[in-house]
Amino acid sequence: MGILIESLCSPEAGTQVPAIIRRFYTDKSWVEGETLRQLDQMARLNGAMTLAAFPDLHPGKYGATGVALLANRLHPLLIGNDIGCGMSLFMLDLPVRKLRIDKAELRLRELEMQEISDAGAMLAASGLPHDLFPEGLGTIGGGNHFCELQAVDEMFAGSSEGVLDSQALYLLVHSGSRGLGASVFAEFLVAGEANNEGLEIGSPAYTRWKNKHDQCVKWASLNRRMIAERAAKALHADCTLIADVPHNVVRVQPDGIVHHKGAAVANAGDLVPVAGSRASLSYIVRARDEVQQSLGAISHGAGRKYDRASMQGRIGKLRSQREQHLRNPWGGRAICDDRALMVEEAASAYKDSAQVVADLEAHHLIDPVAAMRPLLTYKKAMDQKTGGSLKNDDKRGRKGHYEKR
DNA sequence: ATGTCC
């Protein structure tokens, strides 16, 4: 099977037996030493029982990312600030052959300026308070977040015919709960309720965090839909949801709490997007029954190879060199007016998404359904004159709106 | 990751 199960029990680790680590990657996926050290530390967290590590594994601020952890305590620190972050895939009622890339690029630039009809009603329809950070809806954010226009590059044999239309355009949206999740995390950090101890299941702090988490998950899912609707509107099209998969959440299970730390939630039979980078293919995969071995999780993307800071030295300083990073091998382009962000998010900062998918397949967790090529990747648009962000979000009276919830 | 630290 190739699944290496390693049970560590060092005498200095205290009374608790470290969690069993199940590794779902091969030696073809590069994992650096610092990440393995973090993984080992996570296995020694309070109440940690089982850990699943995936091929996109890379270091994070509060432990390795690309991991699912089953524990009998709740660890808000592992989920961090972007509670509910995930990937959603939408199909557009627009065929690839009708795409005019120049026109589409100009239109997609206006993505975050598109009107949102009634944010309050959308929130209420999602079972959320109508005034829960409505002005943040439809915003992508920074870091690895994006909204990407894609086309089917390849459909894999025997894979679920009729699920995807090979002639259609798609939107893959990667975003989360923005300032909402950040405010929840900050609140628990300040109160000393997010630390290495973790929270006891059923305790008051556990219940408070879990309720806010559930709101963030709903809000983030709605946000991805609003981003897709803004993009569709900019492109004069309509969109239909195909898959909505969070990778920064907890799931309460009979045997404990599964923490998805940058690991996509994958129930058997689910379609799951595995994102590439600006210049590599993304994949749509179908989770197999065997995902129960990996705690109902798989990779959510390629995963970083180089950290953000070190990327600044790896990309050429010339304008022509920089502009190469806004192009991809399929004639696609990236919209990213923020130079530092463009460098940090260059394709070369990421692992090979094809290898990530190959590793997941080698461990029988998934069947590949389709490879998707990137045509337009919206990251950030700025006003050419003022250098300001091109956002249509109302910032009036923003303070305290969602902080006390 | 962060209506991004003033």
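Labels below follow one simple rule: chain letters A, B, ... track the order of the sequence lines, proteins then strands, and each chain is numbered from 1.
- The nearest whole Å value for the distance from the CD1 atom in A:Ile79 to the C1' atom in B:dT2 is 17 Å.
- When the P atom of B:dT2 is taken as reference, atom CG of A:Asn223 falls 10 Å away, rounded to whole Å.
- The residue A:Gly142 sits close only to the backbone: its heavy atoms come under 4.0 Å of sugar-phosphate atoms, none of a base.
- When rounded to the nearest whole Å, the span between CE of A:Met382 and C1' of B:dT4 equals 13 Å.
- Note on A:Gly80: nothing from the nucleic acid sits closer than 4.0 angstrom, heavy atoms only.
- If you take CD of A:Glu345 and P of B:dT4, they are 19 Å apart, rounded to a whole angstrom.
- Cation-pi check for A:Arg314 over A:Tyr306 is met; the charged atom lies under 6.0 angstrom from the ring centroid and within 45 degrees of its normal.
- The closest donor-acceptor contact from the side chain of A:Arg73 to the backbone of A:Glu197 lies under 3.5 Å.
- By the 4.5 Å heavy-atom criterion applied to side chains, A:Leu169 and A:Leu235 are not counted as neighbours.
- Spacing between atom CZ of A:Arg178 and atom C1' of B:dT2 amounts to 8 Å, rounded to whole angstrom units.
- A donor and an acceptor atom sit less than 3.5 Å apart, one in the side chain of A:Lys380 and one in the base of B:dT4.
- Distance NE2 (A:His145) to P (B:dT4): 16 Å, rounded to an integer number of Å.
- For A:Lys379 and B:dT4, the NZ to C1' distance is 15 Å, given to the nearest whole Å.
- Rounded to an integer number of Å, the gap from A:Phe185 CZ to B:dT4 P is 18 Å.
- Although no hydrogens or angles enter the test, the distance criterion places no donor-acceptor pair under 3.5 Å between the side chain of A:Arg22 and the main chain of A:Ala53.
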